[in-house]
Amino acid sequence: MITEVSAVNFRQNLGEMLNQVQYRNDSIVITKDGKPVAALVDAELFARIRRLRERFDALSARIARAYADVPATDGLTEIDAVVAAVRKRR
């Protein structure tokens, strides 16, 4: 479950919020002036997010190296063509 709380409410109920995250695997979105500014998630989920981000960054770097000599317009044209082909299959 995802709960949204103001920063003031979060500060006042920190212990309870930590218990929600630790024992119920909830996530808490902390807002300031009605806008999300941070999230509190359990440590296992955070570790998974970090691993996914590392994999994404590595993949992005590989793609950037592979297409380093390709003009941006050509690369975008190729991406658009692949996306269109995949959408046709659906």
Side-chain angles (χ1 to χ4, degrees):
M1 179 164 137
I2 299 175
T3 305
E4 193 169 299
V5 297
S6 69
V8 171
N9 188 350
F10 179 75
R11 197 175 316 119
Q12 292 170 344
N13 298 293
L14 178 60
E16 180 184 328
M17 303 282 175
L18 286 172
N19 285 338
Q20 275 184 260
V21 169
Q22 182 178 9
Y23 298 113
R24 294 187 355 205
N25 293 327
D26 289 353
S27 297
I28 303 196
V29 175
I30 304 156
T31 62
K32 197 170 186 181
D33 298 323
K35 297 177 183 174
V37 295
L40 180 65
V41 297
D42 69 79
E44 184 179 318
L45 175 57
F46 183 69
R48 284 187 11 225
I49 291 168
R50 287 180 73 181
R51 285 192 305 272
L52 286 172
R53 183 175 182 175
E54 289 168 3
R55 289 175 58 194
F56 178 81
D57 289 346
L59 180 58
S60 295
R62 282 181 53 199
I63 291 169
R65 284 191 303 274
Y67 284 87
D69 297 331
V70 176
T73 54
D74 293 350
L76 291 172
T77 300
E78 185 175 336
I79 290 169
D80 289 341
V82 170
V83 169
V86 169
R87 286 182 177 160
K88 272 187 178 179
R89 287 187 226 148
R90 290 183 183 180

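Fair warning: this is a prediction, and the values are worked out from it, not measured in the lab.
- Sorted by first then second residue, the salt bridge (Lys or Arg N to Asp or Glu O under 4.0 Å) pairs that include residues 6-24, not counting sequence neighbours, are Arg24-Asp26.
- Met1 belongs to no multi-residue hydrophobic cluster, having no ILVMFWY side-chain contact under 4.5 Å with any other such residue.
- Under the 4.5 angstrom side-chain criterion for Ile, Leu, Val, Met, Phe, Trp and Tyr, Phe56 has no cluster partners at all.
- In plain terms, the two heavy atoms of Ile30 and Ala7 that are nearest each other are CG2-CA, 3.7 Å.
- Taking a 4.5 Å side-chain heavy-atom cut-off between Ile, Leu, Val, Met, Phe, Trp and Tyr, the cluster of Tyr23 contains only that residue.
- Evaluation of the side-chain contact (heavy atoms from CB on, under 4.5 Å) rule for Ser6 yields Val8, Asn9, Thr31 as partners, not counting sequence neighbours.
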Please tabulate, one pair per line, all N/O donor-acceptor pairs under 3.5 Å involving side-chain atoms of residues 40-53, not counting sequence neighbours.
residue, atom, partner, partner atom, Å
Asp42, OD1, Glu44, N, 3.0
Asp42, OD1, Leu45, N, 3.0

Tell me which donor-acceptor pairs under 3.5 Å the side chains of residues 61-71 have, and how far apart each pair is, sequence neighbours excluded?
residue, atom, partner, partner atom, Å
Tyr67, OH, Glu78, OE2, 3.0

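- Counting only residues at least two apart or on different chains, no salt bridge (Lys or Arg N to Asp or Glu O under 4.0 Å) pair has a member in residues 80-90.
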